[in-house]
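Below: the structure, in structure tokens.
Chain naming here is simple, since letters A, B, ... match the order of the sequence lines and numbering starts at 1 in each. For clarity, every value in this text was computed on a predicted model and none was experimentally measured.
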Amino acid sequence: MATISQVLGQAFFARPALTVGRDLLGKYLVRRRRSAERAVMISEVEAYIGPHDLACHGRFGRTARTEVMYGPAGRWYVYLCYGMHWMLNVVTDQVDWPAAVLFRAAGDFSGPGKLTKGLSIDRRLNAQPAAESSGLWIEDRGIVVRRSQIQRTARIGVDYAEHWKEKPYRFVLS
DNA sequence: GCAGTGATCATA
DNA sequence: ATGATCACTGCC
């Protein structure tokens with residue numbers, strides 16, 4: 001039986017960040033630059049669920065940086081962290097609800113900064129659609145992920161987020 | 001353990 | 001305008 005490779009569209013992303021995050025494990029992040037294409041399986045993500053989530057950038061309200069999170073689901077949210085590392089997120093949920101999923105590991109890339117460096121992702125992708133037109137998109141290649149393969153833990157690096165720092169919004173595929 | 005690095009946000 | 005902070009990484 002042939003496996004169909006399907007590009008994930010807006011309907012996939014227009015759901016709560018926790019649901020999208022869990023479902024992204026086992027999907028493939030695909031990067032095309034010039035004619036070279038590279039696909040890596042997503043193995044670690046974190047959900048940032050809305051303006052009330054004190055770890056989520058949406059807590060600042062609408063600003064130049066967060067505006068993309070208020071837009072339609074399925075666009076990239078890319079920002080610079082610590083002046084050196086690009087963080088890749090995909091916008092989720094409904095318009096006017098700022099939520100996103102952070103990509104922390106995929107393929108051989110372990111760590112969100114190493115992932116973006118390895119795939120040559122920077123601010124030029126910010127606010128662009130997760131679609132072939134932007135050169136970065138996500139495919140379902142038929143990998144089935146069982147619930148027992150998913151570990152949930154607290155998110156990394158959000159110690160400032162009061163009780164939200166403990167929420168098990170990080171998903172790891174084992 | 002902690003420095004590097006610069007955008008972002010709050011305050012003024 | 002300034003200053004604190006930061007969804008990280010690599011080296012001590």
A/I156 CD1 to A/L102 CG distance, which is reported to the nearest 0.5 Å: 10.5 Å
Strand partner of C/dA7, provided both Watson-Crick or wobble distances fall under 3.5 Å: none
Close side-chain approach of A/V90 and A/Y77, heavy atoms under 4.5 Å: no
N/O donor-acceptor pair under 3.5 Å between A/R155 side chain and A/Y169 backbone: no
Terminal contacting nucleotides, 5' and 3', DNA chain B versus chain A (heavy atom, 4.0 Å): B/dG4 to B/dA10
Same apolar cluster (I L V M F W Y, side chains within < 4.5 Å links), A/M84/A/W86: no
Sugar-phosphate only, base, or nothing, as touched by A/M87 at under 4.0 Å among non-hydrogen atoms: sugar-phosphate
Outermost nucleotides of DNA chain C that come under 4.0 Å of a non-hydrogen atom of chain A: C/dC6 to C/dG10
Sugar-phosphate only, base, or nothing, as touched by A/R155 at under 4.0 Å among non-hydrogen atoms: nothing
Any A/P51 side-chain heavy atom under 4.5 Å of A/W97 side chain: yes
Spacing of A/F103 atom CZ and A/I138 atom CD1 [to the nearest 0.5 Å]: 3.5 Å
Touch class at under 4.0 angstrom, heavy-atom based, for A/Y82 against every strand present: base
5' precedence on DNA chain B between A/H85 and A/R123 (nearest-nucleotide basis): A/H85
Residue pair A/Y28, A/I143: steps toward the side-chain contact (heavy atoms from CB on, under 4.5 Å) verdict: CA-CA 9 Å; A/Y28 281 78; A/I143 300 290; 3.8 Å; yes
Sub-4.5 Å side-chain heavy-atom contact between A/L88 and A/W76: yes
Touch class at under 4.0 angstrom, heavy-atom based, for A/R170 against every strand present: nothing
